[in-house]
Amino acid sequence: MKHDGLVLNLLRKEVLGSLRSLRRSDLAWLILGGSAVMAYAIADAVVALHAAAPLLRSSPSLWLAGLSAAALLLGVFTGYGTTRLALSRAYAPFMKALPISNRERRRMAVLAAAKTGVWFGAIVACVAGMGCVPLAEPYAFAWAFVAAALFAAGFAPAITAQMRVFNRQPAGEATTTDHESGLHRTRLTLACFDRARPTWSGAWAWNLRAGIVRPSRRIAAAGLMIGLAVLIAVVGGLIHHQAAPGAIVGLAGGLATFMFALRYHPLGSPVLRTAPIGFVRAWLRLLWLPLQLSAAFFALPAGAALAAEPSSLSVVAASGLWLLMLNGAYAVFAAYFMSTPLIAAFSFVAAIIYAAYESSEYGRTVVLGFVALVVWLLHRTRRRFYHG
């Protein structure tokens with residue numbers, strides 16, 4: 001059909017427009033710095049594969065299991081992310097004026113996600129094939145085909161599941177925000193938590209009108225998962241009289257809650273940028289509500305940890321301090337990737353894992369590199385806030 005390639009073309013134009021909008025210095029930093037990091041990561045992976053080659057050759061099931069799990073998970077997450085991205089473009093506000101039916105819009109989104117998945121699958125196949133070289137594996141092409149097939153096995157169901165969830169929504173509700181429908185079903189308001197100046201910044205970030213939250217299945221599922229995690233940590237800590245389970249769950253759950261709740265897209269709004277508000281104040285204000293949620297989640301298992309082992313105050317305090325520092329670091333990543341929280345979360349987790357891996361080999365001084373990265377991202381975000 002004549003509109004089939006419209007969403008894919010929009011995504012391509014957005015990527016090219018983003019690259020053209022970068023300054024030459026930023027583009028140079030991106031190309032040179034990214035190439036250096038990629039080269040180092042590839043060299044590190046080759047060395048690790050060389051070291052593990054005897055074990056993997058003697059136990060091919062380990063290589064098959066690791067490759068299968070990685071390809072499947074990558075396919076699921078990529079399919080979910082690309083489908084959401086394609087649907088957001090197919091139902092974008094500027095697309096409403098076009099005489100395109102909902103069926104055609106969903107078809108455009110599926111085709112755009114599928115074609116994008118083909119490119120990702122080819123990349124996965126190439127990486128799997130090149131990974132066989134350090135192992136002296138004679139069937140590199142077969143392993144590349146297996147990796148691509150497993151990626152597709154995770155990618156296709158992710159698209160199908162995402163489209164089924166999307167198709168259950170009414171056509172008019174699919175593109176509206178929470179404050180545009182269902183206001184009479186209100187159960188919660190954030191008026192007492194979101195009044196600091198500039199007021200309603202958290203509601204703006206969450207696309208809520210005057211802080212009104214509409215109950216939904218997503219909120220109920222998130223609350224159920226949080227409650228189960230807290231309950232397991234509390235019961236485990238009290239039974240074994242140990243503070244470690246509560247401190248660990250509080251740290252991990254508090255950080256996850258903060259990452260899911262934090263949204264920084266208002267930081268790129270001309271309304272906020274032209275207002276008499278400094279960057280630091282706007283940055284701190286937008287993280288205030290997610291920080292309250294994170295602290296509330298941490299308080300429950302941390303309190304149970306103290307009750308289970310009263311002498312573990314230092315452990316709980318250290319866990320809370322680490323949570324505060326990690327929340328601040330992720331807030332910098334989220335502000336830098338203000339319009340793409342999924343990329344912000346992926347970049348943050350990848351940086352944390354890589355820093356932890358390198359620190360196990362070269363010592364804790366590697367953490368200074370992560371701190372330098374956070375400071376540099378904060379500086380670039382501040383410059384973009386003031387100068388565009």
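Just so we're clear, the structure is a prediction, and the values are computed from it rather than from any experiment. Residue indices begin at 1 and follow the sequence shown.
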Checklist entry - CZ of Phe279: more than 12 outside heavy atoms within 6.0 angstrom? => result yes
Checklist entry - Got a sec, which pairs hit salt bridge (charged side-chain N to carboxylate O under 4.0 Å, His left out) with one end in residues 279-294, sequence neighbours left out? => result Asp194-Arg285
Item to check | Distance, nearest 0.5 Å, that separates CZ of Arg383 from OG1 of Thr381 | outcome: 11.5 Å
Next on the checklist: Is there a path of hydrophobic side-chain contacts, each under 4.5 Å between heavy atoms, that joins Leu313 and Trp322?
Outcome noted: yes
Next on the checklist: If hydrophobic clusters are built by linking Ile, Leu, Val, Met, Phe, Trp and Tyr wherever their side-chain heavy atoms come under 4.5 Å apart, do Leu72 and Ile123 end up in the same one?
Outcome noted: no
Item to check | Shortest non-hydrogen contact from Ala261 toward Pro290 | outcome: O-CG, 3.8 Å
Item to check | Main-chain N/O of Leu85 paired to Ser88 side chain as donor or acceptor, under 3.5 Å | outcome: yes
Item to check | Heavy-atom check, side chain of Leu74 versus side chain of Phe120, under 4.5 Å | outcome: no
Item to check | pair Leu111-Val7: side-chain heavy atoms closer than 4.5 Å | outcome: no
Item to check | Residue pair Asn207 / His265, side-chain heavy-atom distance below 4.5 Å | outcome: yes
Checklist entry - Is Leu342 close to Tyr80 at the side-chain level, that is, under 4.5 Å between some pair of heavy atoms? => result no
Checklist entry - With a cut-off of 6.0 Å (strictly less than), are more than 12 heavy atoms of other residues, nucleotides or ligands near CG of Leu73? => result yes
Checklist entry - Can Phe346 and Phe337 be said to form a ring-ring contact (aromatic ring centres under 6.0 Å, His included), step by step? => result CA-CA 11 Å; Phe346 176 79; Phe337 300 100; over 10 Å; no
Checklist outcome for this item: Taken in chain and number order and not counting sequence neighbours, the residues that satisfy side chain to side chain donor-acceptor pair (under 3.5 Å) with Arg12 are Asn9
Next on the checklist: Strictly distance-based, threshold 3.5 Å: is any side-chain N or O of Ser319 a donor or acceptor partner for the main-chain N or O of Val315?
Outcome noted: no
Checklist entry - Would Arg384 count as a cation-pi partner of Tyr336, with NZ or CZ less than 6.0 Å from the six-membered ring centre and within 45° of the ring normal? => result yes
Item to check | Reference residue Tyr330; test side chain to side chain contact (heavy atoms under 4.5 Å, CB included); the match among Ile352, Leu262, Val374 | outcome: Leu262
Donor-acceptor list for residues 292-307 side chains, cut-off 3.5 Å, not counting sequence neighbours:
{"residue": "Gln292", "atom": "NE2", "partner": "Phe193", "partner atom": "O", "Å": "3.4"}
{"residue": "Ser294", "atom": "OG", "partner": "Gly254", "partner atom": "O", "Å": "2.8"}
{"residue": "Ser294", "atom": "OG", "partner": "Asn327", "partner atom": "ND2", "Å": "3.1"}

Checklist entry - If you round to the nearest 0.5 Å, how far is CG of Leu87 from CZ of Arg106? => result 8.5 Å
Checklist entry - Are Leu323 and Leu284 connected, step by step, through hydrophobic side chains (Ile, Leu, Val, Met, Phe, Trp, Tyr) whose heavy atoms are closer than 4.5 Å? => result yes
Checklist entry - Are side-chain heavy atoms of Phe333 and Leu373 found at a separation under 4.5 Å? => result yes
Checklist entry - Side chains of Phe166 and Thr83: does their closest heavy-atom pair fall under 4.5 Å? => result no
Checklist entry - Within a reach of under 6.0 Å around CZ of Arg382, are more than 12 heavy atoms found that belong to other residues, nucleotides or ligands? => result no
Checklist outcome for this item: In terms of heavy-atom contacts, Arg105 and Ile100 come closest through NE-O, 3.2 Å
Item to check | Atom of Ala355, atom of Phe370 and distance for their closest heavy-atom approach | outcome: CB-CB, 4.3 Å
Item to check | Separation between CG of Leu11 and CG of Leu16, rounded to the nearest 0.5 Å | outcome: 11.0 Å
Next on the checklist: Just verifying a value: how many Å separate Asn102 CG and Arg107 CZ, rounded to the nearest 0.5 Å?
Outcome noted: 15.0 Å
Checklist entry - Would you say the side chain of Val349 lies within less than 4.5 Å of the side chain of Met259, judging by non-hydrogen atoms? => result yes
Checklist entry - What closest approach, in Å, do Ala148 and Ala125 show between heavy atoms, and which atom pair accounts for it? => result CB-CB, 4.0 Å
Item to check | Contact summary for Leu287 and Phe258, nearest pair of heavy atoms | outcome: O-CE1, 4.0 Å
Item to check | Residue pair Ala86 / Ala113: nearest heavy atoms and the distance that separates them | outcome: CB-N, 4.4 Å
Checklist outcome for this item: For Tyr264, the side chain to side chain donor-acceptor pair (under 3.5 Å) test, sequence neighbours excluded, returns Trp283
Checklist entry - Could you give the distance from CG (Leu6) to CE (Met95), rounded to the nearest 0.5 Å? => result 4.0 Å
Checklist entry - Considering only heavy atoms from C-beta outward, does the side chain of Thr82 approach that of Phe155 to under 4.5 Å? => result yes
Item to check | For Arg89, all residues meeting side chain to side chain donor-acceptor pair (under 3.5 Å), sequence neighbours excluded | outcome: Glu14
Next on the checklist: According to side chain to side chain donor-acceptor pair (under 3.5 Å), who are the partners of Ser201, at least two apart in sequence or on a separate chain?
Outcome noted: none
Checklist entry - Where the side chain of Trp204 meets the backbone of Leu286, is there a donor-acceptor pair that is under 3.5 Å apart? => result no
Next on the checklist: Take a 6.0 Å sphere around CH2 of Trp288 and say whether it holds more than 12 heavy atoms from other residues, nucleotides or ligands.
Outcome noted: no
Next on the checklist: Quick check on the hydrophobic clustering: are Ile277 and Val280 connected, directly or via other members, by side-chain heavy-atom contacts under 4.5 Å?
Outcome noted: yes
Item to check | Hydrophobic cluster identity match, Leu8 and Leu98, side-chain contacts under 4.5 Å | outcome: no
